[in-house]
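In what follows, a structure is listed as structure tokens, so that the remarks can point back to it.
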Amino acid sequence: MTFLTRVSTDTAQIARKRLADNYAWHQELWQAFPNRPDDSRDFLFRLDRRERFLTVWILSTEEPVQLDWGEWKTKPVNSTFLKHHRYQFVLRANPTVMRVVRLEDGSRRKNGQRTAIYDADELKNWLIQKGNLSGFTVEQAVCDPPVKEYFYKDKKRCVQSRVDYTGTLSVVDYEKFQNAWLKGIGPARAFGFGLLLLSPIE
């Protein structure tokens, strides 16, 4: 079973918890799944800020335990929710490409390092390609300009690129689509990216 959780809170509570960046949020939300301490991350989350208020969305295969902050509301996802043909969607993503290096023999290979995408056309193409791999076609989409987000891990300052997409899509492969929805779209899914929020179009 899959669960969608909405947590409402405010900046005062967040300040007291010292949740300053996405890495801190991942560590905090992991505490909502105490029965899986040895498993790899298997939930997605998204943060939506509106002035001094904050909404946290969590998609998980296990019902989370309510933590000691915010107002938590969890609902199981209906089995028919992912069987519609068309959806409105909202996606916060970390669009990147693998860096390619040229070797001494003239050949090229990817070196495993990701580079953020900033060009508007490339950002839209990135989403279209992800859709093709995830069982859906992007009918139309708008993306906000990329925003740099900083976080600290092991006392090292790191940066990620955040892009918000909104639009409509149509499903062409339901198995791939359901798998992508559950596992997330794109990289950095442990840091608040990749959760595809959907609203069916009847």
Side-chain angles (χ1 to χ4, degrees), residues 2-34 36 41-77 81 87-96 116-118 120 123-124 126-127 140-169 181-200:
T2 306
F3 298 89
L4 183 63
T5 300
R6 177 176 177 174
V7 189
S8 301
T9 184
D10 56 48
T11 54
Q13 284 187 316
I14 299 312
R16 288 195 293 270
K17 297 295 293 186
R18 297 183 179 180
L19 300 175
D21 58 40
N22 287 343
Y23 182 66
W25 272 102
H26 169 69
Q27 291 183 306
E28 174 69 15
L29 294 176
W30 185 242
Q31 305 306 310
F33 302 94
R36 306 171 70 89
R41 178 201 56 81
D42 62 350
F43 66 90
L44 301 171
F45 74 93
R46 172 191 169 104
L47 308 175
D48 283 332
R49 292 181 175 85
R50 295 290 185 275
E51 297 180 351
R52 65 184 184 88
F53 297 101
L54 182 74
T55 300
V56 186
W57 298 94
I58 307 170
L59 182 67
S60 61
T61 55
E62 178 183 339
E63 185 172 1
V65 174
Q66 181 173 334
L67 302 181
D68 62 353
W69 53 269
E71 180 182 351
W72 291 61
K73 294 182 179 180
T74 298
K75 293 183 178 180
V77 179
F81 179 70
Y87 295 85
Q88 292 179 331
F89 73 87
V90 177
L91 172 67
R92 175 162 295 160
N94 173 230
T96 61
I117 300 173
Y118 293 98
L123 286 171
K124 291 182 179 180
W126 179 90
L127 180 62
Q140 62 89 19
V142 176
C143 64
D144 292 342
V147 176
K148 290 184 178 180
E149 291 197 344
Y150 296 91
F151 66 95
Y152 285 87
K153 184 177 181 181
D154 300 327
K155 297 182 179 180
K156 181 180 179 181
R157 190 174 189 242
C158 307
V159 63
Q160 294 169 327
S161 177
R162 185 192 80 208
V163 176
D164 287 332
Y165 293 91
T166 58
T168 59
L169 62 82
W181 176 76
L182 187 60
K183 293 186 176 180
I185 306 293
R189 296 187 294 274
F191 293 87
F193 299 101
L195 175 54
L196 194 63
L197 294 177
L198 301 171
S199 178

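Contact record, S161 with F193: O-CE2, 4.1 Å, taken as the closest heavy-atom pair. Heavy atoms only, all atoms of each residue included: F89 and L169 are closest at CD2-CD2, 3.7 Å. Nearest heavy-atom pair across A24 and R18 is CB-O, 4.3 Å. Looking at every heavy atom in both residues, W69 comes nearest to E28 through NE1-OE2, 2.8 Å. Across all non-hydrogen atoms, the minimal contact from P64 to S60 is CD-OG, 4.0 Å. The minimum heavy-atom distance between L91 and L195, with the atom names listed, is CD1-O, 3.7 Å.
In this pair, F151 and F191 present their aromatic rings tilted. The plane angle is within the 30 to 60° band.
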Which atom pairs, one a donor and one an acceptor, fall under 3.5 Å between side chains of residues 45-53 and the rest of the protein, sequence neighbours left out?
unit_1, atom_1, unit_2, atom_2, d
R46, NE, D48, OD1, 2.8
R46, NE, D48, OD2, 3.2
R46, NH2, D48, OD1, 3.1
D48, OD2, W57, NE1, 3.3

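Contact annotation: the side chain of L4 never approaches that of F81 to less than 4.5 Å [non-hydrogen atoms, C-beta and beyond]. T2 is listed as a side-chain neighbour of L59, based on a closest heavy-atom distance under 4.5 Å.
In the displayed structure, Q140 atom CD is contacted under 6.0 Å by more than 12 heavy atoms of other residues, nucleotides or ligands.
For D10, the salt bridge (charged side-chain N to carboxylate O under 4.0 Å, His left out) criterion is met by no residue, not counting sequence neighbours.
A salt bridge is defined here as a Lys NZ or Arg NE, NH1 or NH2 lying under 4.0 Å from an Asp or Glu carboxylate O, and D68 with K17 meets this definition.
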### Task
Dump the intermediate steps for side chain to side chain contact (heavy atoms under 4.5 Å, CB included) on D164 and C143, then the final yes or no.
CA-CA 6 Å; D164 287 332; C143 64; over 6 Å; no
